[in-house]
Chemist: 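Sending over a structure as structure tokens; questions will come in a sec.
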Amino acid sequence: MSYTDQDVREGRLLMNDGRDNRLAMGDKLLSIAARGQDSDFERYCDEIDLSVRTARQSIQGIATCSSPTV
């Protein structure tokens with residue numbers, strides 16, 4: 001498994017905090033996605049009650065926000 005119980009706890013807290021932590025949640029999702037396989041990512045999303053589609057959209061948003069501008 002590419003994530004820990006601590007990752008799940010942190011993800012649940014971020015989900016509970018709602019919209020104020022969208023960037024933090026996106027960062028967490030990005031770190032989970034980078035560590036493992038799609039099945040691990042999907043299982044993680046399930047454990048924190050987040051749809052995989054929404055999670056992937058969050059990651060795309062983070063990539064957009066993190067991209068350097070020229």
Side-chain angles (χ1 to χ4, degrees):
M1 189 175 339
S2 64
Y3 60 90
T4 65
D5 289 337
Q6 179 65 27
D7 290 321
V8 172
R9 284 190 295 276
E10 290 172 3
R12 286 181 180 160
L13 286 173
L14 290 168
M15 290 295 293
N16 288 339
D17 287 342
R19 296 182 181 179
D20 294 335
N21 286 320
R22 284 186 188 189
L23 291 176
M25 188 67 222
D27 286 341
K28 173 57 79 176
L29 292 169
L30 188 59
S31 74
I32 297 299
R35 287 189 247 165
Q37 300 176 1
D38 282 344
S39 61
D40 288 338
F41 182 74
E42 291 167 4
R43 188 170 48 248
Y44 178 75
C45 291
D46 186 53
E47 288 195 49
I48 65 168
D49 297 322
L50 179 66
S51 78
V52 174
R53 180 178 179 196
T54 300
R56 293 196 192 289
Q57 289 172 340
S58 294
I59 289 173
Q60 289 174 343
I62 289 298
T64 301
C65 291
S66 301
S67 297
T69 56
V70 178

Chemist: Is any side-chain heavy atom of Leu29 closer than 4.5 Å to a side-chain heavy atom of Ile32?
Modeler: no
Chemist: Within this structure, what is the CD-CG distance for the pair Glu47 and Asp7, rounded to the nearest 0.5 Å?
Modeler: 10.0 Å
Chemist: Got a sec, which residues hit side-chain hydrogen bond (donor to acceptor under 3.5 Å, both in side chains) with Arg9, two or more places apart in sequence or on another chain?
Modeler: Gln6
Chemist: Would you indicate whether Glu42, at its atom CD, is surrounded by more than 12 heavy atoms from other residues, nucleotides or ligands within a distance under 6.0 Å?
Modeler: yes
Chemist: Roughly how far, to the nearest 0.5 Å, is the CD1 atom of Ile48 from the CD atom of Glu10?
Modeler: 11.0 Å
Chemist: Is Phe41 close to Ile59 at the side-chain level, that is, under 4.5 Å between some pair of heavy atoms?
Modeler: yes
Chemist: Quick check: do Lys28 and Tyr44 have side-chain heavy atoms less than 4.5 Å from each other?
Modeler: yes
Chemist: Can Arg43 and Asp46 be said to form a salt bridge (Lys or Arg N to Asp or Glu O under 4.0 Å), step by step?
Modeler: CA-CA 5 Å; Arg43 188 170 48 248; Asp46 186 53; over 6 Å; no
